[in-house]
Student: 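A single structure is presented below for examination.
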Amino acid sequence: MGKKDIKNIIVETAKKAGEGTKAVAGKSKELVQSSQQAVISALDQDGNGQIDSVDIILMAMKVPGVRISREEFLRKELFKNHPQEVIDKAVATTPALAGIPGEEVDKIADEVIKFERNAVSGISTALGLPGGVAMAATIPADIAQYYGYMLRAAQKMLYLYGFPEIVEDGDDVKLDSETINSLTVCLGVMNGVAGANNVIKGMSKALAKGVEKQLLNKALTKGAVYPIVKSVAKWFGVKMTKEVFAGFFKKSIPVVGGVVGGGLTFATFKPCCVRLKEALQDTMLSNPEKHKESEEEKKIFDDIVNGVIYDVAPEDIMMVDADIDKNDDENT
């Protein structure tokens with residue numbers, strides 16, 4: 001066999017190898033696309049073709065144990081240190097009005113964050129699975145659990161700092177628009193969405209002043225709070241698409257302890273909870289005697305009371321603050 005024949009064989013072999021590589025790459029791409037579509041379908045809980053905070057909340061609230069009974073929680077946490085009449089007043093009004101010291105409330109909130117964070121560290125530990133469709137099947141459940149624990153922490157902190165029951169209807173949880181939007185605002189605060197802090201403080205003032213529930217519901221669904229609700233929903237759409245798909249599928253590696261590729265990790269949980277705690281610490285509900293309202297908070301409150309309606313166009317929706325994660329390491 002001459003040198004020319006050997007050269008031809010090498011060229012032909014390389015050519016076939018290249019074709020084989022392209023075929024494998026093509027199949028891998030098809031597998032990833034199929035996995036992505038499976039995740040989109042599973043995450044799109046309301047069937048509108050988009051993934052946003054509404055889908056996250058609907059999934060999370062289906063997880064057993066996510067709904068927190070305000071009365072049961074407050075009675076359990078206050079039982080050790082306070083007489084029955086103080087506990088009864090805290091349940092009927094707020095812990096602050098019942099005379100529970102702010103330092104004690106803060107301490108309980110810290111324990112709540114610690115407890116729920118430790119629970120997060122144990123979720124989805126069986127996710128050491130192959131990539132592709134098998135892995136994709138675990139993502140919605142993992143996200144639901146992660147945000148389920150986050151919403152558990154949010155409810156507990158809301159009740160500690162004076163908010164009324166958020167999710168009602170017992171075990172058969174039925175979420176109306178007002179409830180979903182209230183939880184959406186909380187997720188906005190936890191994730192640093194611009195303006196969400198002022199909204200939670202404006203809502204706190206409205207509750208403290210005894211504003212009618214009808215006006216609060218109106219603010220949540222089409223009034224003063226609605227622009228922030230839409231901002232949070234839009235931000236979560238970007239977050240899920242960018243982090244879950246780009247991070248998770250691109251790496252396509254076995255995962256233990258959560259959707260690491262999507263950024264849903266043990267380390268991210270505490271900073272989110274601390275943001276909500278800090279927003280709730282100084283409101284008209286939690287600190288009625290010393291709270292000083294901002295102009296932004298006052299405007300939101302006035303808009304709630306006056307029933308102002310906002311026609312929110314897509315281009316008017318604010319996005320998340322760009323630098324919210326720069327200090328996360330300090331809170332871990």
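All heavy atoms count here, side chains included; hydrogens, waters and symmetry mates do not.
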Student: Parallel, tilted or perpendicular: which one describes the rings of Tyr159 and Phe73, with boundaries at 30° and 60°?
Tutor: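 Ring orientation, 0 to 90° scale: tilted.
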Student: Side chains of His291 and Gln281: donor-acceptor distance under 3.5 Å anywhere?
Tutor: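 On atom types as modelled, these side chains do not qualify, holding no pair under 3.5 Å.
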Student: Output yes when a side-chain donor or acceptor of Asn191 lies under 3.5 Å from a complementary backbone atom of Gly188, and no otherwise.
Tutor: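 Not confirmed, Asn191 side chain does not pair with Gly188 backbone.
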Student: Could you tell me which non-hydrogen atom of Ala219 sits nearest to which non-hydrogen atom of Ile304, and how far apart they are?
Tutor: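 Taking every non-hydrogen atom into account, CB-CG1, 3.7 Å.
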Student: With the threshold set at 4.0 Å, does a side-chain nitrogen-carboxylate oxygen contact exist between Glu165 and Arg67?
Tutor: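 Answer for the salt bridge query: yes.
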Student: If we ignore hydrogens and angles and just use 3.5 Å, is the side chain of Arg152 paired with the main-chain N or O of Glu116 as donor and acceptor?
Tutor: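 No; judged by distance alone, with no hydrogens or angles, the pair does not exist.
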Student: Check Leu78 against Ile87 and note the closest heavy-atom contact, atom names and distance.
Tutor: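 That would be O-CD1, 3.7 Å.
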Student: Quick one: do Lys205 and Glu293 make a salt bridge, cutoff under 4.0 Å?
Tutor: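 Here Lys205 pairs with Glu293 in a salt bridge, since their nearest N and O are under 4.0 Å apart.
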Student: For Asp110, is there an ion pair with Lys277 - N to carboxylate O distance below 4.0 angstrom?
Tutor: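 Judged by the 4.0 Å cut-off on N to carboxylate O distance, Lys277 and Asp110 do form a salt bridge.
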Student: Is Val211 reachable from Met284 through a run of I, L, V, M, F, W or Y residues, each pair having side-chain heavy atoms under 4.5 Å apart?
Tutor: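 No; Val211 is not reachable from Met284 via cluster members.
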Student: Answer yes if the side chains of Asn181 and Thr184 hold a donor-acceptor pair under 3.5 Å, and no otherwise.
Tutor: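 No donor-acceptor contact under 3.5 Å links the two side chains.
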Student: Between the side chains of Thr283 and Ser286, does any donor sit under 3.5 Å from an acceptor?
Tutor: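 Short answer, yes.
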Student: Using distance alone, with no hydrogens and no angle criterion, decide if Tyr161 and Asn287 have a side-chain donor and acceptor under 3.5 Å apart.
Tutor: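 Short answer, no.
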Student: Closest approach of Val305 and Leu215, non-hydrogen atoms and distance?
Tutor: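 Closest heavy-atom pair between Val305 and Leu215: O-CD1, 3.7 Å.
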Student: Considering all heavy atoms of both residues, which atom of Ala233 and which atom of Asp52 are nearest to each other, and what is their separation?
Tutor: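 The pair with the smallest heavy-atom distance is O-CB, 3.1 Å.
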Student: Is a side-chain donor or acceptor of Asn306 paired with a backbone partner of Val308 at a separation under 3.5 angstrom?
Tutor: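 Checking the backbone N and O of Val308 against the side chain of Asn306, no donor-acceptor pair under 3.5 Å is found.
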Student: Is the backbone of Gly202 close enough, under 3.5 Å, to the side chain of Glu297 for a donor and an acceptor to pair up by distance?
Tutor: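 Side chain of Glu297 to backbone of Gly202, a donor-acceptor pair under 3.5 Å: no, none is there.
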Student: Checking Leu187 against Ile57 for the side-chain contact (heavy atoms from CB on, under 4.5 Å) test, could you report, in this order, the C-alpha distance in whole Å, the side-chain angles of both residues, the deciding distance, and whether it holds?
Tutor: CA-CA 9 Å; Leu187 288 178; Ile57 291 169; 3.8 Å; yes
Student: Are Ile113 and Val66 connected in the hydrophobic side-chain network, where two residues link if heavy atoms are under 4.5 Å apart?
Tutor: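 Yes; Val66 is reachable from Ile113 via cluster members.
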Student: Sort out for me which residue in Leu158, Val91, Val167 forms a side-chain contact (heavy atoms from CB on, under 4.5 Å) with Arg70.
Tutor: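 Looking at Leu158, Val91, Val167, the match for Arg70 under the side-chain contact (heavy atoms from CB on, under 4.5 Å) is Val91.
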Student: Give me each pair satisfying side chain to side chain donor-acceptor pair (under 3.5 Å) with a member in residues 77-96, each pair once, sequence neighbours excluded.
Tutor: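 Qualifying pairs: Arg75-Asp88, His82-Glu104, Gln84-Asp88.
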Student: Show the numbers, then the answer: is there a side-chain contact (heavy atoms from CB on, under 4.5 Å) between Tyr310 and Val225?
Tutor: CA-CA 9 Å; Tyr310 282 88; Val225 178; over 6 Å; no
Student: Let's go through Leu151 and Val63 carefully: what are the C-alpha distance in whole Å and the side-chain angles of both, what is the deciding distance for side-chain contact (heavy atoms from CB on, under 4.5 Å) to 0.1 Å, and is it a yes or a no?
Tutor: CA-CA 11 Å; Leu151 290 179; Val63 177; over 6 Å; no
Student: Within a radius of less than 6.0 Å around CD of Glu72, do more than 12 heavy atoms belonging to other residues, nucleotides or ligands occur?
Tutor: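 Count not over threshold, so no.
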Student: List the steps, then state whether side chain to side chain donor-acceptor pair (under 3.5 Å) holds for Ser231 with Tyr226.
Tutor: CA-CA 9 Å; Ser231 296; Tyr226 192 59; over 6 Å; no
Student: Which atom names give the shortest non-hydrogen contact between Asp282 and Lys201, and what distance separates them?
Tutor: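 Distance-wise, the nearest heavy atoms are O-NZ, 2.8 Å.
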Student: Of the non-hydrogen atoms in Ser182 and Met203, which two are nearest, and what is the gap between them?
Tutor: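 Heavy-atom minimum between the residues: OG-CE, 4.3 Å.
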Student: Would you kindly say whether Ser53 and Tyr147 are connected by a side-chain donor-acceptor distance under 3.5 Å?
Tutor: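 Note: Ser53 and Tyr147 side chains miss the donor-acceptor criterion.
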Student: Pair Val232, Val185 - check side-chain contact (heavy atoms from CB on, under 4.5 Å), show working.
Tutor: CA-CA 7 Å; Val232 177; Val185 171; over 6 Å; no
Student: With a 3.5 Å distance limit and no angle check, can you tell me whether Thr221 reaches the backbone of Asn217 through a side-chain donor-acceptor pair?
Tutor: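 Looks like yes, one N/O pair under 3.5 Å.
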Student: Under 4.5 Å between any side-chain heavy atoms of Phe163 and Leu280, yes or no?
Tutor: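 Phe163 reaches Leu280 side chain to side chain.
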